[in-house]
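Notes follow once the structure below has been shown.
For the numbers below, each heavy atom of this structure counts, side chains included, while hydrogens, waters and symmetry mates do not. Sequence lines set the chain letters: A, B, ... in the order given, protein chains first and strands last, and positions in each chain run from 1.
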2 protein chains.
Amino acid sequence: MTQDSISRFRRFSRAVTSQMGVLDQDFLGLGRPLGPARVLNAIGHGLHDISQLREYLRLDSGLMSRLLRQLEAEGLITTTPGAEDKRRRQAHLTPAGATEYAAYERLSDARAHDCLARHPKPDALLAAMDLVASALGRDHIQVQLADPCGQAAQDCLEAYYADLSSRFGQRFDPVRSGDPEASAMRPPDGAFVLAVSDGLAIGCGGLKPLADSDMPTGEVKRVWVSPNARGMGVSRQLMQALEGHARDLGMRRLRLDTSAKLSEARGLYRATGWTEVARYNDNPYADHFFEKVI
Amino acid sequence: MTQDSISRFRRFSRAVTSQMGVLDQDFLGLGRPLGPARVLNAIGHGLHDISQLREYLRLDSGLMSRLLRQLEAEGLITTTPGAEDKRRRQAHLTPAGATEYAAYERLSDARAHDCLARHPKPDALLAAMDLVASALGRDHIQVQLADPCGQAAQDCLEAYYADLSSRFGQRFDPVRSGDPEASAMRPPDGAFVLAVSDGLAIGCGGLKPLADSDMPTGEVKRVWVSPNARGMGVSRQLMQALEGHARDLGMRRLRLDTSAKLSEARGLYRATGWTEVARYNDNPYADHFFEKVI
DNA sequence: GTCATTAGCTGACAATAGTCAGATAAAAAT
DNA sequence: ATTTTTATCTGACTATTGTCAGCTAATGAC
């Protein structure tokens with residue numbers, strides 16, 4: 001079983017526990033009550049901002065504060081005032097806390113592994129979990145800037161290329177880590193965004209500058225949404241985010257190319273203010289071209 | 001959305017809450033704390049035996065008792081000593097309790113309906129939920145005697161016939177409610193069992209007497225497992241249950257017919273003590289015949 | 001500067017959940 | 001008939017979770 005399966009399983013678990021209004025009691029059995037265990041895990045999972053923690057765990061500020069003091073007294077975390085705003089405190093794991101967190105992670109991994117290992121079709125099970133998690137978590141999908149060469153982005157892009165390969169019946173194999181376009185999709189030139197649902201990247205989109213005569217123009221590329229998360233408005237969110245970044249980067253116009261084989265997409269473009277234009281590049285796979293002034 | 005979708009959704013929800021070690025906080029918002037609300041719902045759902053309730057909800061006997069007293073004081077339930085064993089008390093909803101229970105059901109229905117209604121592919125979502133629920137709940141699948149003309153049995157049989165029709169490319173349409181074989185599959189002549197996972201029937205099997213010369217013989221018929229629950233040992237459980245009933249009914253030998261197109265099944269039969277025999281009936285769809293002395 | 005707002009903390013409670021050692025009565029085992 | 005076991009109940013606790021008003025320090029608006 002790959003690490004990726006485990007993370008997909010855990011995403012499902014998180015989606016279910018946080019979206020269906022359920023509490024995860026998984027954490028019991030390691031000698032710590034649910035409250036502090038949830039806080040410890042959330043911090044371990046990368047939520048350092050206390051206000052974020054409160055929102056994620058839906059805890060009262062008083063209760064949150066007490067739980068933090070408790071973990072601090074146990075020597076598992078430290079809290080420090082924020083760098084910019086000293087009111088916003090940050091929580092971080094101490095080495096002892098990291099060890100405890102790792103124990104929870106192992107427990108969780110083991111459960112995921114067991115469940116998948118004894119299933120006759122683990123891939124089908126994971127796909128079903130993805131579908132359910134996306135449906136349950138559709139209101140909590142976040143679009144965020146990411147490094148196009150990071151692991152999550154690479155996972156998305158590989159899935160995207162595989163998707164394209166199967167649609168065009170032809171192998172897509174762009175240079176991977178040394179992707180010549182990657183640097184163009186990083187600030188300050190462009191942008192690359194990921195749609196993240198409960199910690200798993202389920203979609204992506206890139207924006208790179210396009211040399212043009214009359215006005216600063218960007219090109220939208222590699223917009224892709226995981227099949228199990230389609231129809232949930234993710235691509236719309238991705239496009240909005242890319243437009244926002246384009247504006248911030250001073251671009252005045254966006255372009256994109258697409259193919260008749262990706263028919264779902266064309267409706268979205270038309271519905272969100274894009275107009276079809278004449279071919280503007282020599283991409284052999286593209287047969288439809290759109291433009292939007294922003 | 002059909003009622004069936006709702007029950008499938010709710011089955012998923014129950015499977016997730018009870019199998020992943022999570023507590024359903026769904027019940028909040030109707031002015032009752034989680035504990036009593038869970039008890040009320042479990043009773044409404046048909047769990048009357050207090051020991052069953054305790055096991056299902058995993059509550060301490062003292063706590064359970066107190067929650068019952070509380071609900072009794074509110075006039076929502078009554079408890080009575082069991083008919084056979086006066087220690088085992090039974091809990092039942094009063095009319096007022098039934099009204100409260102219905103309010104929870106409506107809330108739950110509404111949530112299920114909303115979630116399905118806003119999904120682009122509700123059927124795919126439900127199928128994914130079935131798959132996940134079956135995987136999570138595989139250790140809690142119960143095989144129980146049922147009326148072959150009951151609603152759950154009819155749902156299974158219809159799915160079974162649809163399955164056969166698609167495999168044989170030919171329409172199967174046995175007489176439904178007036179099924180001539182139904183009465184043969186009821187005690188005292190035969191048996192009909194359902195595999196139930198979190199309240200949803202996911203498989204079935206029938207047993208009817210077969211006229212034979214040398215020893216009392218039964219025939220196993222209509223063994224079917226929902227595609228989303230296959231590979232989880234359900235058919236094995238069904239066959240075991242049918243064998244048990246056959247023994248109780250005094251049968252000494254079992255027979256069954258099957259088709260080469262249902263190849264998965266033949267491995268199971270061989271592995272569980274059946275031997276292939278010569279054709280014993282004129283079923284045109286059957287081309288393989290098995291027998292087992294019990 | 002003053003004032004309103006914000007993030008988080010503390011104290012004082014209250015409600016809920018869980019535990020455990022008997023008590024009681026019915027059933028089962030001897 | 002006696003003893004043991006079982007199912008439930010009760011009382012006396014403890015632990016956990018949730019709530020709310022007021023406090024402090026930092027920030028931002030005017």
Applying salt bridge (Lys or Arg N to Asp or Glu O under 4.0 Å) to A/Arg247 and not counting sequence neighbours gives A/Glu243
Sequence neighbours excluded - salt bridge (charged side-chain N to carboxylate O under 4.0 Å, His left out) pairs with any residue from residues 60-71 of chain B:
B/Arg69-B/Glu72
Rounding to an integer number of Å, can you tell me how far [X] [atom1] sits from [N] [atom2]?
X       : N      : atom1 : atom2 : answer
B/Leu34 : D/dG18 : CG    : C1'   : 14 Å
B/Glu55 : D/dA7  : CD    : P     : 11 Å
A/Leu59 : D/dG18 : CG    : C1'   : 10 Å
A/Glu84 : D/dT27 : CD    : C1'   : 12 Å
B/Leu67 : D/dT8  : CG    : P     : 14 Å
A/Leu53 : C/dG8  : CG    : C1'   : 13 Å

Chi angles and distances behind the side-chain contact (heavy atoms from CB on, under 4.5 Å) call for B/Arg54, B/Leu63:
CA-CA 9 Å; B/Arg54 264 219 321 270; B/Leu63 184 48; over 6 Å; no
Which atom of B/Leu249 lies closest to which atom of B/Pro188, heavy atoms considered
CD2-O, 3.3 Å
Taking side chain to side chain donor-acceptor pair (under 3.5 Å) as the test, write out the residues that go with A/Arg118, two or more places apart.
B/Asp139
Pairwise 5' ranking along DNA chain D for A/Lys86 and A/Gln70, keeping only the more 5' one
A/Gln70
Over all strands shown, is B/Gln52 touching base, sugar-phosphate only, or nothing at heavy-atom distances under 4.0 angstrom?
nothing
Checking the side chain of A/Thr79 only, and the main-chain atoms of A/Ala91 only, is there a donor and an acceptor separated by less than 3.5 Å?
no
Which residue pairs satisfy the ring pair (Phe, Tyr, Trp, His ring centres under 6.0 Å) criterion with at least one member in residues 60-98 of chain A, sequence neighbours excluded?
A/His48-A/His92
Is it the case that B/Tyr101 and B/Arg106 place a side-chain donor and acceptor less than 3.5 Å from each other?
no
Below 3.5 Å is the cut-off: list the nitrogen or oxygen pairs between protein and nucleotides 1-6 of chain C, distance only.
from, atom 1, to, atom 2, distance (Å)
C/dT6, O2, A/Arg87, NH1, 2.7

Can you tell me if CD on B/Gln144 sees more than 12 non-hydrogen neighbours from other groups inside 6.0 Å?
yes
Write out a two-atom table: protein N or O, nucleotide N or O from nucleotides 9-11 of chain D, distance below 3.5 Å.
from, atom 1, to, atom 2, distance (Å)
D/dC9, OP1, B/Arg69, NH1, 3.0
D/dC9, OP1, B/Arg69, NH2, 3.0
D/dC9, OP2, B/Ser65, OG, 3.2
D/dC9, O5', B/Ser65, OG, 3.1
D/dC9, O5', B/Arg69, NH1, 3.4
D/dG11, N7, B/Arg66, NH1, 3.1
D/dG11, O6, B/Arg66, NH2, 2.7

